[in-house]
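Structure first, commentary second.
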Amino acid sequence: METQTPSAVGVKTKQRVAGPIIMLGPPGAGKGTQAKLLAETLGIPQISTGDILRDNVARKTELGVKAKDVMGRGDLVPDELVCDMVADRLLQADCARGFILDGFPRTVRQAEWLDAQLGKMREGKDEEGQKACAAPVVIALVVEYNHLLQRLTGRRSCPTCGLIYNVYYQPPKVPGICDVDGTTLVARPDDAEEVIAERLKAYERLTLPLVAYYGERGRLIEVNGDQSVEAVTAQMFRALENVNRM
Ligand code: AMP
């Protein structure tokens, strides 16, 4: 069977309705990296609730002020706040052919809310419009615990272009400096070791049940996240083609 590269898939998929895709997995599983690649190929937005929250914290908005301490501890921001934020984002025009949720839902309540919200969004839409907010396809990245720790403690990002590096696996050419624009790389405050432990605990307790939630509804695709970025991407695309959404 012929295997298509993501860019080859991209040529024929950019104008199609891709529908909602959820990236599920523990912190450090590579959700952001893979979501960006998918978004580029499919021509639909990556919606990272962590990024939106960090932006609100930086701008000291009302939401940012409420979220800051919770995020600093590695806990989850209350469902109501995050769901309202996602509801606003899904109304934007760039979501008309679908979207990739990265870091949402993170609790069963958020998943139930999302199912109801997508149901409301489908009301009164034509066939294409309904497909854009159909039941989501969920890609669960499965990664071994020790790899997660290395990915999180080694993660650095460029505050200018958003590119993500890892000092162990994907170091920049000059240590601490972005290859693309020369900006000094930063570590996220919540990638400190004691906060990582809390984030992983929150994942186990509150987010892991979503594997069963989506599995029972026949929407889950498990992908081995312990491979190279390219191999994970290829596996993800093959799986998505099989669900006939592209
Ligand atoms: P992330 O960048 O996805 O690792 O998210 C960073 C932090 O933002 C998390 O540790 C949470 O405090 C908060 N956060 C992001 N997404 C959610 C969500 N869906 N529900 C609750 N809190 C969230």
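As the structure lists them, so they are numbered: ligands from 1, and atoms in each ligand from 1. One is the number of the first residue; the rest follow in order along the sequence. What you are looking at is a predicted structure, and each value in this text was computed from that prediction instead of being measured.
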With heavy atoms and a 4.0 Å threshold, my read on which part of R188 contacts ligand 1 is side chain
The closest protein heavy-atom partner of atom 16 (N) of ligand 1 is T49 OG1, 2.8 Å
key: Carboxylate-amine/guanidinium proximity below 4.0 Å for R89 and D94   = yes
At under 4.0 Å between heavy atoms, what of L76 touches ligand 1? The answer is both
For R199, the atoms of ligand 1 under 4.0 Å from one of its heavy atoms are 4 (O)
Atom 8 (O) of ligand 1 sits nearest the protein heavy atom M71 CE, 3.4 Å
Only residue of L141, V223, L101 satisfying side-chain contact (heavy atoms from CB on, under 4.5 Å) with M23 is L141
**Prompt:** Got a donor-acceptor contact below 3.5 angstrom from the R97 side chain to the G43 backbone?
**Reply:** yes
Does the N or O separation between D190 and ligand 1 drop below 3.5 Å for any pair? no
If you scan protein heavy atoms around atom 11 (C) of ligand 1, the nearest is D75 O, 3.5 Å
Hey, are E112 and R109 close enough for a salt bridge, meaning a charged N less than 4.0 Å from a carboxylate O? no
Ion pair D102/K31, N-O distance below 4.0 Å: no
Hey, does V70 come in under 3.5 Å of ligand 1, counting only N/O atoms on both sides?
no
When distances are taken from atom 20 (N) of ligand 1, the protein heavy atom at minimum range is Q110 NE2, 2.9 Å
Do NZ/NE/NH1/NH2 and the carboxylate oxygens of R199 and D191 come within less than 4.0 Å?
yes
closest protein heavy atom to atom 1 (P) of ligand 1 is R106 NH2, 3.5 Å
Under 4.0 Å between heavy atoms, the region of V77 that gets near ligand 1 turns out to be both
Can we say D55 and R59 salt-bridge, meaning some charged N sits less than 4.0 Å from an Asp/Glu carboxylate O?
yes
Regarding E127 and R122, does a basic nitrogen lie under 4.0 Å from an acidic carboxylate oxygen?
no
Contact region, R54 to ligand 1, non-hydrogen atoms below 4.0 Å, reads side chain
Ion pair D115/R219, N-O distance below 4.0 Å: yes
closest protein heavy atom to atom 13 (C) of ligand 1 is L53 CD1, 3.6 Å
